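Notes for the one structure printed next.
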Amino acid sequence: MDKTKFKIVVDSSADTYEWDGIPFASAPLKIITDNKEYIDDSKMNVEEMVNELSVYSGKSSTACPSPIDWLKAFGKTQYIFCITITSGLSGSYNSALIAKNDYEENHPDCRVCVIDSLSTGPEMRLLIEKINEYVDSGFDFDEIVQKIGEYKQKTALIFMLESMRNLANNGRVSKIAAKTAGILGIRAVGIASQEGTLQLMDKSRGEKRALAAIIDIIKKSNFKKGKIRIGHCLNKAVAEKLRDLIFGEFGQQDIEIYPLGGLCSFYAEKGGLIIGYEKI
Ligand code: X90
């Protein structure tokens with residue numbers, strides 16, 4: 001199989017700007033304040049943004065890629081797999097669909113599969129890895145479309161947030177849901193719902209209890225063995241604690257830890273963790 005006929009394209013909520021071994025592109029989301037626009041690409045300094053925003057009290061918002069941004073990321077490739085942040089919280093998926101229709105109309109020999117992750121960050125990372133594997137195994141476009149749809153049923157996402165201020169201010173969770181996270185020491189633990197929205201599961205006082213709540217969710221999802229990807233916002237230490245708890249509870253697993261990109265860091269805020277895993 002000629003791998004150069006394929007391309008994986010994601011929006012920047014996947015925290016992934018480059019990928020080895022297969023043509024790859026990331027379409028940036030933007031974080032906008034009254035005095036600055038941050039573009040979530042490989043050049044962005046996430047730590048600087050998070051620190052600047054922690055002392056900024058004005059309005060801030062985000063914007064998804066436009067269809068033109070998506071078309072730029074598509075380039076000229078025969079088979080494109082395009083993965084977006086959940087359509088339950090962002091216009092990115094709809095924007096990608098417009099780009100797909102335009103692209104296929106102008107390139108009748110090309111095909112674009114747009115995947116609504118109903119999730120974000122580390123769960124999208126798992127989808128990237130899997131599509132790459134399927135291409136390596138020699139499956140054709142239609143087979144991969146079907147297989148990745150099945151795989152997506154087996155992955156899930158958990159989050160742990162110390163603050164939900166930016167989520168609430170931008171209408172991505174209700175103000176009531178956001179209220180307790182943000183009170184000193186309380187962490188909101190939850191999952192991506194079936195509809196691709198935030199579903200709170202637990203409000204824990206203290207890091208230890210919050211990590212225990214995460215382990216509990218993984219256990220209840222019937223996890224035995226699988227890949228786990230942990231993205232953190234300036235909080236590698238807690239990500240490593242979680243990894244060790246997972247090893248203790250379920251034995252050695254394929255776990256990777258990495259810093260969240262700009263978009264996820266904006267919403268997860270300092271200290272936040274987002275975990276993508278193969279639940280079955
Ligand atoms: O279109 C846009 O401007 C982007 C809007 C994104 C809104 C929410 C992003 C949330 C990221 C929070 C924890 C993970 C929740 C996943 C639920 C599906 C991080």
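When a ligand or atom number is given, it counts from 1 through the structure's own listing order. Remember, it's a predicted structure, so these values are computed and weren't measured experimentally.
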[atom]: which protein heavy atom is closest, and how many Å away?
{"atom": "atom 16 (C) of ligand 1", "value": "L157 CD2, 3.5 Å"}
{"atom": "atom 18 (C) of ligand 1", "value": "A192 CB, 3.6 Å"}
{"atom": "atom 19 (C) of ligand 1", "value": "I274 CD1, 3.6 Å"}
{"atom": "atom 10 (C) of ligand 1", "value": "Y267 CB, 3.8 Å"}

At a non-hydrogen distance cut-off of under 4.0 Å, which region of A63 contacts ligand 1 (side chain, backbone, both, or neither)?
backbone
Does N170 approach ligand 1 within less than 4.0 angstrom via side chain, backbone, both or neither, non-hydrogen atoms only?
neither
Hydrogens and angles aside, do Y38 and E52 bring a side-chain donor and acceptor to less than 3.5 Å of each other?
yes
With no hydrogens and no angle check, just 3.5 Å: does a side-chain donor-acceptor pair link N51 and K270?
yes
For ligand 1 and S90, I'd like to know whether there is a polar contact (N/O to N/O, distance under 3.5 Å).
yes
Does T62 reach ligand 1 with a nitrogen or oxygen that is under 3.5 Å from one of the ligand's nitrogen or oxygen atoms?
yes
Using salt bridge (charged side-chain N to carboxylate O under 4.0 Å, His left out) as the criterion, list what pairs up with D142, not counting sequence neighbours.
R111
The test is salt bridge (Lys or Arg N to Asp or Glu O under 4.0 Å); show your working for D254 and R229 and say whether it passes.
CA-CA 8 Å; D254 171 356; R229 301 290 173 258; 3.1 Å; yes
Residue pairs involving residues 81-128 (criterion ring-ring contact (aromatic ring centres under 6.0 Å, His included); sequence neighbours excluded):
F74-Y103, F81-F141, Y103-H107
Taking only heavy atoms of G196, which atoms of ligand 1 are found under 4.0 Å from at least one of them?
18 (C)
Check ligand 1 against R172 and write out every atom of the ligand that is under 4.0 Å from a heavy-atom position of the residue.
1 (O), 2 (C), 3 (O), 5 (C), 7 (C), 8 (C)
Can you tell me how far apart OG (S60) and CG (N166) are? Round to the nearest 0.5 Å.
4.5 Å
Salt bridge or not between K147 and E143? Use side-chain N to carboxylate O under 4.0 Å.
no
